[in-house]
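To start, the structure under review is shown below, and the notes come after it.
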Amino acid sequence: GRRIMGRAMGLAGLLLGLVLVPAVLVSTSLRHGAPRTEGEAEPSGWELAMDAIPEDSLWPLPQWVRTNPRQLQLAPSRFQLVHGAGSSAGPGCGLLQDAFRRYYEYMFGHSRRRRRGRRPLAARAEPELLQLQVVVEAEDPGCDRHPLLTSSEAYHLTVTEPVAVLKAYEVWGALRGLETFSQLVHEDDYGSFLVNESEINDFPRFAHRGVLLDTSRHYLPLKSILTNLDAMAFNKFNVLHWHIVDDQSFPYQSICFPELSDKGAYSSNLIYTPTDVRLVIEYARLRGIRVIPEFDTPGHTQSWGKGQKDLLTPCYNEEQPTGSFGPVNPILNTTYDFMTKFFKEISTVFPDAYIHLGGDEVDFSCWKSNPRVKEFMKKQGFGSDYAKLESYYVQNILDIVSSYNKGQIVWQEVFDHKAQLKPDTAVQVWMASNYAHELSSVTGAGFTAVLSAPWYLDYISYGQDWKKYYSVEPLNFPGSEKQKKLLIGGEACLWGEFVDATNLTPRLWPRASAVGERLWSSRNVTNLQDAYKRLTNHRCRML
Amino acid sequence: AENEPSWGTPCTELLVSISTPGCDGFPSLDSKESYKLSISKGSILLSAEAIWGALRGLETFSQLVGRDENGTYYINETEIVDFPRFPHRGLLLDTSRHYLPLRAILETLDVMAYNKFNVFHWHIVDDPSFPYESSTFPELSKKGAFNAMTHVYTASDVRTVIEHARLRGIRVIAEFDTPGHTLSWGPGAPGLLTPCYMGKDPSGTYGPINPIPNSTYQFVTSLFQEISTVFPDFFLHLGGDEVDFTCWKSNPEIRAFMKKMGFGENYKKLESLYIQRLLDVVSSLGKGYIVWQEVFDNDVKLRPDTIIHVWKENAMQYVKEMANVTRAGYHALLSAPWYLNRISYGQDWMEAYKVEPLNFEGVPEQKALVMGGEACMWGEYVDVTNLTPRLW
């Protein structure tokens, strides 16, 4: 549970104690202007000197927070983020070195006061905080590794003079802790950097906290993707689900099959080269974010057919091909030869342990029209159940991807149509109607589930819809404790039909922040008024 | 290559010919925006009655110029005769709910010009903040802006907006909405707003402008005197929407006044009293006015050339309102189906496009009273980070 901190009531009684917050309007240094009621009494001298309640700014809310009215000041010219004694990570840990610089910049960067100032320390009453020492405890801190579903993101932060200490089991927790620390540091009305004495113990409720970006409906320039990764890190998201290709375009430049993007991308400059992809993966890694690529088949593949002849099923009208194509052709050996080579490349290019294979919204009408497919159905004894054909295809792909030692994630239809999944295949639940029931089915069958259904952020609407996303309780589905453990997390999805670089950021944020807190923070963190206060501060900070 | 079209004689000039002189004036409701564009072998001619039409024609011309894969610019032989169907084609921006930096306003004016909008309806102040720096009453923004140093429009900012607009043939119609929507006016103008009461004692909160004391009308006269000078357009938008009567009802002085005037419990009469005096003030300053529909709905006595701004939307109620307003002989502006702040998923532009402003019951003389309409982008959820993609 979370303990509420107190406000400075006076010079006496500065214990690490717990005092209830009085219901007083708080004016933070991030907000401008005074309350607007005419004739309201000017704030007393004490209130003016007081700073914001630090918890007013934390997002997502940590599992356990205790803050103290006692404040420490930070001098940008002297304060340092360093490796602590006994840390298994040191100056050779590029990931942390990069993070130190980045977080220093976030905290002090916009201020021009990074050079030595003239005001003597004694002018302020608060003691100085000289350092934040980061101590990574695991023997292998993970500096040069990629984050995993099972990585530890827990951290313990103690802010007290003269040195604050951030302990984490792995570097991933250190990254989360640095973000939180940066949220505690605030500027007062005089431009001084202050932080309250505090202690925080934190870890995520769910291990899979993702954002889906769609770069096929509209190409997203690299800059957009990287800016989004920054925003994800501010909100402790740890998975970028890159829905990289689809019907409309194929921007992924394949090394083995260059024609796919040559013919399938919107244009020759609207592609992701291998360098671009590496950049995204590394940029994400430095923020503790996994990149899970989705190559969605057998549906959603129109753009694949442009550069790969005979991959898609030719549709027929009676005995004549119509000239249009449907899903990937599941009856040809060439299909599986292609997929074998293609996914070998994908497995090499993308280091994450998982690949998303799609499998959603397969339209059977083209298959049904094709005489060869119909023959195959007969031969296989599938009758007229094309879901069986879909499953036949999917199972083959699962085998191929498995053989490359990659785990798989699929959309719910693959499960619903009863394909035989691998024991560790994860199922992403996206259909909005009765998704709780679907979660029960998926977890009841022993598969891990990822929830997206209530979090389709492309479905915009007027007003404060973040509240709707915030109020979702992922575990509200019928099931045993064991089942509930199989829900590993969720993803906010921003499908790209109406989204490109001109509107991505304001559409996704801060709405996705609501999902971020729901997936990180404790189940009982549900108060909308408190969330509103923290979210407005967090949003201004993200800008 | 064989399939390349043979380019005709390269065109070297676009000749612009304007019949009525006058480059230094401001656009008005009566400005002529018609133009003719004639593009043929060896000659490109843009002719217009007034400079405003030339601006519209230049925009069209720029839309006709294409570029082929080799990078050659070209244009097809074309004949265009063009003029606007409605003379008042506006866009409302709200700089009170969220401050919009100058560059956001100027950028919006640029895009308005691309779309041949000709009115910028500047809803400049409201309850949440007062960013307009008044020279007569500097305290209004000092105490009422979100931040008096950074979130204000100085006199020079306002001049910049007006000139940037003028150069694009866009009128700037400022809205100083009263007597409701005025909470931000209170801190800088003590005594202006009605103190609300809880029983016999003031509750500490405030309501609409206090319509009783003379000081109110002195203030209003001085303020609008300044506004009339600052904003050159003939029209001012005076607001008059959503006046909440609860505060007035709670105030004993107001109740006494109501009794004295014989208004009974009809607070619409009190609202009318204020509005009528305001309209007189503004008229005497030589300005015309636009008001939100409540002013008409609440039976305020209006001048015949008042423009009524129809905004309420609930199951197409605006259609009836348009009929009522024009039947009573007033000019009308339509915004109700064009509240672009009310976002929804998908291609909602189609709903806005399908609106036919004259689809209401009425005789041709009534329909002629519809001056046009305005797309509104209210600012509750809009600031510089999302204005442009939300609006366009």
Side-chain angles (χ1 to χ4, degrees), chain A residues 25 27-43 189 217-218 220 224 227 231 267-269 432 456-468 493-511 513 532 535-536 539-543, chain B residues 69 96 98-99 126-131 139 141-152 182-196 202-207 210 339-349 378 380-392:
Chain A
L25 178 70
S27 172
T28 73
S29 55
L30 291 169
R31 215 187 324 162
H32 303 288
R36 231 154 320 291
T37 15
E38 187 195 343
E40 186 184 82
E42 278 293 292
D189 285 347
R217 274 60 181 265
H218 285 91
L220 294 177
S224 254
T227 300
S267 71
S268 51
N269 59 333
Y456 264 37
L457 301 196
D458 55 318
Y459 285 155
I460 59 172
S461 58
Y462 179 67
Q464 294 197 50
D465 57 353
W466 70 272
K467 294 184 181 178
K468 177 175 66 174
C493 298
L494 193 72
W495 294 103
E497 284 87 346
F498 302 105
V499 175
D500 66 13
T502 67
N503 64 356
L504 181 124
T505 302
R507 189 163 289 199
L508 189 52
W509 307 100
R511 291 157 77 227
S513 300
Y532 179 82
L535 187 56
T536 42
R539 185 241 176 192
C540 283
R541 178 175 51 224
M542 288 201 285
L543 290 178
Chain B
E69 316 94 53
S96 174
H98 284 92
Y99 178 78
D126 202 299
D127 283 329
S129 76
F130 196 106
E139 292 292 296
S141 61
K142 258 215 195 113
K143 298 254 166 66
F146 282 133
N147 180 315
M149 291 290 100
T150 57
H151 289 44
V152 289
T182 45
L183 285 181
S184 68
W185 301 45
L192 179 69
L193 304 184
T194 312
C196 312
S203 66
T205 60
Y206 294 83
N210 194 335
Y339 264 37
L340 304 190
N341 54 310
R342 301 201 124 256
I343 59 172
S344 58
Y345 177 69
Q347 294 197 51
D348 56 353
W349 68 273
W378 294 104
E380 284 86 349
Y381 302 105
V382 175
D383 67 13
V384 71
T385 66
N386 64 355
L387 172 72
T388 301
R390 190 162 288 202
L391 191 47
W392 305 102

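Side chains included, hydrogens not; waters and symmetry mates left out as well; all remaining heavy atoms used.
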*When B:Tyr345 is tested against each of A:Tyr459, A:Tyr456, A:Trp495 for ring-ring contact (aromatic ring centres under 6.0 Å, His included), which residue passes?*
A:Tyr459

*With a 4.5 Å cut-off on heavy-atom pairs, point out which of B:Glu380, B:Arg342, B:Gln347 contacts chain A the most.*
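Option with the top pair count is B:Arg342.
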
*Using a heavy-atom cutoff of under 4.5 Å, enumerate the residues of residues 384-392 of chain B that contact chain A, numbered in order, or state 'none'.*
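Contacts with chain A: B:Thr385, B:Asn386, B:Pro389.
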
*To the nearest 0.5 Å, what is the distance between OH (B:Tyr381) and OH (A:Tyr462)?*
5.5 Å

*Where on B:Asn341 is there a heavy atom nearer than 4.5 Å to chain A: the side chain, the backbone, both, or neither?*
both

